[in-house]
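One structure is given below, encoded as structure tokens.
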Amino acid sequence: MSGGHYVHWGDIREGHKIMWWGSKKNNAARAVWAGVLAPTGDCISSFKSRYGVVLEALARAKGQWVINHSISHPDLRPLCCAQSGKQLGGTGVHTNFGRPPYGAIDGSVSCGYNSRGMAIWTWSRDTKDWETKSKSITVSRASAAVCGDTVLMHMQGQGFAPDSLRQIKANLGKRGIGLCRAYRGSDGTGAVLRTPVRLPGSLPC
């Protein structure tokens, strides 16, 4: 993926109450830019059971991109090709891009993705928000991104508070870098549209 600045939402495994799209308070700060949601199959199942919402459908309806992140988030490297491929099906997101758990890739992992017709998409900049648990550090690391970066942040981290997102956007703007907008079709104009299940080779910003 190239030509844009995207944020990966990561490691959504335990059915956290994700109100990124549902909260009226937060929508104004967040709905104008696009992210790449990578939920596990377990998260999708848990979210639907607890809230009656199909998470990936909700995300797509809000102009966000959704990719595979396995069923239960194991390190795929100890698995054989067939076992890796099995982890990429089932209740997981069925699409043409995926992010291996932990960003861990070797030959068998690549084989598993190939068997499912998926390309691997990882991050180019990791905020390590799960480790620091610091809003200021997360904002600083995300704000250091350059054009074309894919930045990894986690939904339960500090980077998704509305004031954090405003700061990140403002800091990037000072260097002439913009965040990709929520999907508005191939021409990038008009109202926010539902994203397709299969991602294009280069996402429109």
Start with the C-alpha distance between Val151 and Asp126, add both sets of side-chain angles, then the distance that settles side-chain contact (heavy atoms from CB on, under 4.5 Å), and finish with yes or no. CA-CA 6 Å; Val151 178; Asp126 189 354; over 6 Å; no
So do the side chains of Lys169 and Leu165 get within less than 4.5 Å of each other, counting heavy atoms only? no
side-chain contact (heavy atoms from CB on, under 4.5 Å) for Leu88 and Tyr113? Distances and angles first, verdict last. CA-CA 7 Å; Leu88 305 177; Tyr113 278 86; 3.7 Å; yes
Do you know the tightest heavy-atom contact between Arg125 and Ala145? NE-CA, 3.3 Å
Are any of the side-chain nitrogens in Asp106 or Arg77 under 4.0 Å away from the carboxylate oxygens of its partner? no
Quick check: does any side chain N or O of Ser140 sit under 3.5 Å from a backbone N or O of Ile137, one acting as donor and the other as acceptor? no
Please determine whether side-chain contact (heavy atoms from CB on, under 4.5 Å) holds for the pair Trp123 and Arg99, giving the CA-CA distance in whole Å, both sets of side-chain angles, and the decisive distance to 0.1 Å. CA-CA 9 Å; Trp123 57 91; Arg99 192 178 86 224; 3.6 Å; yes
If we only count heavy atoms from C-beta on, is the Thr40 to Ser72 side-chain gap below 4.5 Å? no
Decide yes or no for Glu56 and Val66: does some side-chain heavy atom of the first lie under 4.5 Å from some side-chain heavy atom of the second? yes
Side chains of Ser108 and Leu76: closer than 4.5 Å at any heavy-atom pair? no
Which pair of non-hydrogen atoms, one from Leu152 and one from Thr127, has the smallest distance, and what is that distance? O-OG1, 2.8 Å
Test your reading of the model: is there a side-chain donor-acceptor pair from Ser143 to the backbone of Leu172, 3.5 Å cut-off? no
The test is salt bridge (Lys or Arg N to Asp or Glu O under 4.0 Å); show your working for Lys135 and Asp163 and say whether it passes. CA-CA 10 Å; Lys135 181 183 292 187; Asp163 59 324; 3.3 Å; yes
Contact check, side chains of Asn68 and Arg116, non-hydrogen atoms, under 4.5 Å: no
Side-chain contact test, heavy atoms from C-beta onward, threshold under 4.5 Å: evaluate it for Val93 versus Ile44 and give yes or no. yes
Here the gap from Lys128 atom NZ to Arg141 atom CZ, rounded to the nearest 0.5 Å, amounts to 7.0 Å
